[in-house]
Amino acid sequence: MARILIVDDEVHVVGALRRLFRREGFSIEVALNGQEALEKLATFEADVVISDFRMRGMNGLELLGQVLRIAPRCVRVLISGHADLSSGSSSHPGVISHFISKPWDDERLVADVRALLGGQGPVPSGS
């Protein structure tokens, strides 16, 4: 079962993503900021980290840069609804595996994550 760490400082966004990916059969952990995410990664071996860009403290780009260093095989997905991302991401090539714009489409997001995992995501249970 593929493991996803979802990081966002907005509780309703974390909840929506957790429900979406749990329904699809993924194992999910959540963090409400970058520091909490790094602490979770010490005990939760994530296959994918999905992080919001704008968060208090450490932003998503900074977090994914640290994820790249500590877990280079982990897929790093950045989600943002802000246009200012393009300037920041171009100065950090290779940090982001995939970018998703807010608001996202559930089916597309799940399909993108499965594709990033090489099609090895869980098979829906049909429930």
Side-chain angles (χ1 to χ4, degrees):
M1 173 184 302
R3 298 168 306 271
I4 300 175
L5 175 60
I6 298 166
V7 188
D8 198 306
D9 59 358
E10 295 182 48
V11 176
H12 69 279
V13 172
V14 168
L17 289 169
R18 179 187 347 203
R19 284 187 300 277
L20 171 65
F21 285 105
R22 276 197 178 149
R23 186 172 58 236
E24 295 294 326
F26 291 89
S27 174
I28 304 298
E29 282 288 334
V30 298
L32 297 176
N33 60 57
Q35 186 58 45
E36 184 181 349
L38 294 172
E39 291 167 8
K40 294 257 181 172
L41 286 172
T43 58
F44 180 73
E45 193 174 321
D47 298 302
V48 179
V49 173
I50 299 174
S51 178
D52 186 30
F53 176 60
R54 283 199 175 177
M55 296 184 291
R56 288 177 216 75
M58 182 185 315
N59 73 36
L61 193 58
E62 293 166 334
L63 169 62
L64 295 181
Q66 290 194 40
V67 171
L68 175 61
R69 283 190 293 283
I70 63 175
R73 294 177 56 140
C74 185
V75 175
R76 297 162 312 281
V77 177
L78 193 64
I79 295 182
S80 182
H82 303 283
D84 60 356
L85 174 68
S86 58
S87 61
S89 63
S90 62
S91 63
H92 296 79
V95 170
I96 303 168
S97 305
H98 193 66
F99 175 76
I100 303 285
S101 293
K102 284 182 181 177
W104 65 84
D105 173 86
D106 286 353
E107 289 182 24
R108 177 64 189 220
L109 179 56
V110 170
D112 287 349
V113 168
R114 284 196 174 129
L116 289 164
L117 288 167
Q120 300 304 310
V123 176
S125 62
S127 50

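None of the values given here were measured: they were computed from a predicted structure. Excluded from the calculations below are hydrogen atoms, water molecules and symmetry mates; all remaining heavy atoms, backbone and side chain alike, are included. We number each residue from 1, following the sequence as shown.
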- Query: Can you name the side chain to side chain donor-acceptor pair (under 3.5 Å) partners of Asn59, sequence neighbours left out?
  - Reply: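 So Asn59 forms no side chain to side chain donor-acceptor pair (under 3.5 Å) with any residue.
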
- Message: Going by the rule side chain to side chain donor-acceptor pair (under 3.5 Å), which residues pair with Glu45 if we only count those two or more places apart in sequence or in a different chain?
- Response: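 For Glu45 there are no side chain to side chain donor-acceptor pair (under 3.5 Å) partners, ignoring immediate neighbours.
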
- Query: CZ/Phe26 to CZ/Arg3 distance, rounded to the nearest 0.5 angstrom?
  - Reply: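 Reported to 0.5 Å precision, the distance equals 11.5 Å.
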
- Note on the structure: Interatomic distance, CG@Leu78 vs NE2@His98, rounded to 0.5 Å, equals 10.5 Å

- Message: Donor-acceptor pair, distance only, cut-off 3.5 Å: does the side chain of Arg54 make one with the backbone of Asp52?
- Response: no

If I compare all heavy atoms of [X] with all of [Y], which pair ends up nearest, and what's the gap?
X: Ser51; Y: Gly60; value: OG-CA, 3.5 Å
X: Val7; Y: Gly34; value: CG1-N, 4.3 Å
X: Ala46; Y: Cys74; value: O-SG, 3.6 Å
X: Arg76; Y: Leu64; value: CD-O, 3.4 Å
X: Gly65; Y: Val95; value: N-CG1, 3.4 Å

- Task: Dump the intermediate steps for side-chain contact (heavy atoms from CB on, under 4.5 Å) on Leu41 and Val49, then the final yes or no.
- Result: CA-CA 9 Å; Leu41 286 172; Val49 173; 4.2 Å; yes

Given side chains that start at C-beta, do those of [X] and [Y] come closer than 4.5 Å, heavy atoms only?
X: Val67; Y: Leu5; value: no
X: Glu24; Y: Ile4; value: no
X: Ile6; Y: Val30; value: yes

Which pairs would a plain distance check flag for residues 11-22, meaning a side-chain donor or acceptor within less than 3.5 Å of a matching protein atom at least two apart in sequence or in another chain?
from: His12; atom 1: NE2; to: Glu10; atom 2: OE1; distance (Å): 3.4
from: Arg19; atom 1: NH1; to: Gly15; atom 2: O; distance (Å): 3.3

- Message: Can you list everything that forms a side-chain contact (heavy atoms from CB on, under 4.5 Å) with Gln66? Sequence neighbours excluded, please.
- Response: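 Leu38, Met58, Arg69.
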
- Note on the structure: Residue set satisfying side-chain contact (heavy atoms from CB on, under 4.5 Å) with Ser101, at least two apart, ordered chain then number -> Phe99

- Run the side-chain contact (heavy atoms from CB on, under 4.5 Å) check on Asn33 and Met55 step by step: do they pass? CA-CA 7 Å; Asn33 60 57; Met55 296 184 291; 5.5 Å; no

- Knowing that exactly one of Asp112, Leu117, Val110, Leu116 qualifies, which makes a side-chain contact (heavy atoms from CB on, under 4.5 Å) with Arg114?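 Exactly one pass, corresponding to Val110.
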
- Item | Sequence-distant partners of Glu62, salt bridge (charged side-chain N to carboxylate O under 4.0 Å, His left out), two or more places apart |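 Partners of Glu62 under the salt bridge (charged side-chain N to carboxylate O under 4.0 Å, His left out) test: none.
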
